[in-house]
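The structure under discussion appears below in the form of structure tokens.
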Protein chains: 2
Amino acid sequence: MTLLPLADFCCPPLLAGSLTATEAADVAVLFRVLGEPARLLLLSAIAAQPSQEVCACELVESLGLSQPTVSHHLKVMYEAGLLAKERRGNWIYYRIVRERLVSLGKVLD
Amino acid sequence: MTLLPLADFCCPPLLAGSLTATEAADVAVLFRVLGEPARLLLLSAIAAQPSQEVCACELVESLGLSQPTVSHHLKVMYEAGLLAKERRGNWIYYRIVRERLVSLGKVLD
DNA sequence: CATCAATATCGATGTGCGTCGATATAACTA
DNA sequence: TAGTTATATCGACGCACATCGATATTGATG
């Protein structure tokens, strides 16, 4: 469970034409995480909340996916550094790590 | 071989929290295309050229991949609207469709 | 037309992973 | 401790796809 450290994630823009094989592998991991409709919908559902965080149980209900599948996707995004989670009682609340998304977006500029 | 029309590709930012299932599917296709180290390196190699375009044969030599594999990746990116190609004699030159990359990047802002 | 070089397609193989039901773990409550 | 709910993990299945060698196609040139 090695997280990509946020501070270290900083690759040159793709259009700069100086990507190394290692950087390409790191960036590709993140793009592949986003290359799944279910995960994009989960991110959007979290962002749609005024509190900017959502209990996992609500996410299970909103999408048409089973609880294990939602849990799996949340874990993938958490380990990719795209989500943060916090336990409060029985519930676990997820929120988006915006800086992570934004820094990935800069690769495309 | 249905290209996503460039003019129609315009999804709300992920953080706006209003993504539909259809939009999620469309965006996910593009992210998945970018979720491959070989393809990112191909894009970077093209961007690295002063002329901003590269003959496919050069790309075969630069990466450690077979000619069919490189041809496959170029086709995937072409059909995703990320690359444009032009035949000149025996050679086919590929260039990056920058607007496509940039508009995808805006989804992450 | 025949030949050569560049590119694309085909068929096969192996792997990654999305999905689920079943089950385990964790936390609260009585 | 027992019971209930929320979440995570496990094992299995099926499909998508990256990769390659072999082959077809395309265009230029004698």
Side-chain angles (χ1 to χ4, degrees), chain A residues 1-3 21 24-43 45-46 49 51 53-80 82-95, chain B residues 1-3 21 24-46 49 53-80 82-95:
Chain A
M1 184 170 59
T2 52
L3 300 191
D26 290 345
V27 176
V29 166
L30 287 177
F31 279 136
R32 188 154 44 201
V33 169
L34 293 179
E36 187 64 25
R39 289 197 276 261
L40 293 178
L41 289 174
L42 285 172
L43 288 174
I46 297 174
Q49 297 293 323
S51 61
E53 62 180 8
V54 179
C55 163
C57 58
E58 295 183 47
L59 295 172
V60 171
E61 297 170 5
S62 63
L63 304 186
L65 295 174
S66 71
Q67 179 270 325
T69 299
V70 171
S71 181
H72 166 70
H73 286 313
L74 292 173
K75 179 183 180 181
V76 168
M77 290 191 284
Y78 171 74
E79 293 185 342
L82 294 171
L83 289 182
K85 63 177 172 181
E86 179 190 354
R87 175 153 223 148
R88 292 207 286 276
N90 268 334
W91 300 273
I92 298 184
Y93 291 83
Y94 285 88
R95 62 177 174 81
Chain B
M1 183 169 57
T2 53
L3 301 190
D26 291 345
V27 175
V29 166
L30 288 178
F31 280 135
R32 190 157 46 208
V33 168
L34 294 180
E36 188 65 25
R39 290 198 275 262
L40 293 178
L41 290 174
L42 285 171
L43 288 175
S44 184
I46 297 174
Q49 298 293 323
E53 63 179 7
V54 179
C55 163
C57 58
E58 296 182 45
L59 294 172
V60 171
E61 297 170 4
S62 63
L63 305 186
L65 295 174
S66 71
Q67 180 269 326
T69 299
V70 171
S71 181
H72 166 69
H73 286 313
L74 292 173
K75 179 184 181 181
V76 169
M77 290 191 285
Y78 172 74
E79 292 185 344
L82 295 171
L83 289 182
K85 63 177 170 180
E86 181 189 353
R87 174 154 224 147
R88 292 207 285 276
N90 271 334
W91 299 273
I92 297 183
Y93 291 83
Y94 284 89
R95 64 177 172 79

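The chains referred to below are lettered A, B, ... by the order of the sequence lines, with proteins before strands, and numbering in each begins at 1.
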(message) Please confirm whether the shortest side-chain N or O distance from Thr69(B) to OP1 or OP2 of dT19(D) is below 4.0 Å.
(response) no

(request) Treat primed atoms plus P, OP1 and OP2 as sugar-phosphate and everything else as base, then score nucleotides 22-30 of chain C 5' to 3': B for base contact with protein heavy atoms under 4.0 Å, S for sugar-phosphate contact only, - for none. (result) B---SBS--

(request) Please list, chain by chain and in numerical order, all residues satisfying ring pair (Phe, Tyr, Trp, His ring centres under 6.0 Å) with Phe31(B), sequence neighbours excluded. (result) Phe31(A)

(request) Go through the structure and list residues passing salt bridge (charged side-chain N to carboxylate O under 4.0 Å, His left out) with Glu86(B), not counting sequence neighbours. (result) Arg88(B)

(request) Give the rounded distance in Å between these two atoms: CD1 of Ile92(B) and P of dT25(D). (result) 16 Å

(message) Under the side chain to side chain donor-acceptor pair (under 3.5 Å) definition, can you give me all pairs with a residue in residues 33-43 of chain A, not counting sequence neighbours?
(response) Arg39(A)-His73(A)

(message) Could you work out, with side chain to side chain contact (heavy atoms under 4.5 Å, CB included) as the rule, every residue matching Val60(A), not counting sequence neighbours?
(response) Gln67(A), Val70(A)

(message) List the residues meeting side-chain hydrogen bond (donor to acceptor under 3.5 Å, both in side chains) with Ser62(A), not counting sequence neighbours, and say none if there are none.
(response) none

(message) I'd like to check the side-chain hydrogen bond (donor to acceptor under 3.5 Å, both in side chains) partners of His72(A); sequence neighbours left out, ordered by chain and number.
(response) none

(message) Using heavy-atom distances to pick each residue's nearest nucleotide on DNA chain C, tell me which of Lys85(B) and Leu65(A) is more 5'.
(response) Lys85(B)

(request) Go through the structure and list residues passing side chain to side chain contact (heavy atoms under 4.5 Å, CB included) with Cys57(B), not counting sequence neighbours. (result) Cys55(B), Trp91(B)

(request) For dC10(C), take OP1 and OP2 only and decide whether either is under 4.0 Å from a side-chain N or O of Lys75(B). (result) no

(message) Which residues in residues 35-44 of chain B have a heavy atom closer than 4.0 Å to any atom of DNA chain D?
(response) Glu36(B), Arg39(B)

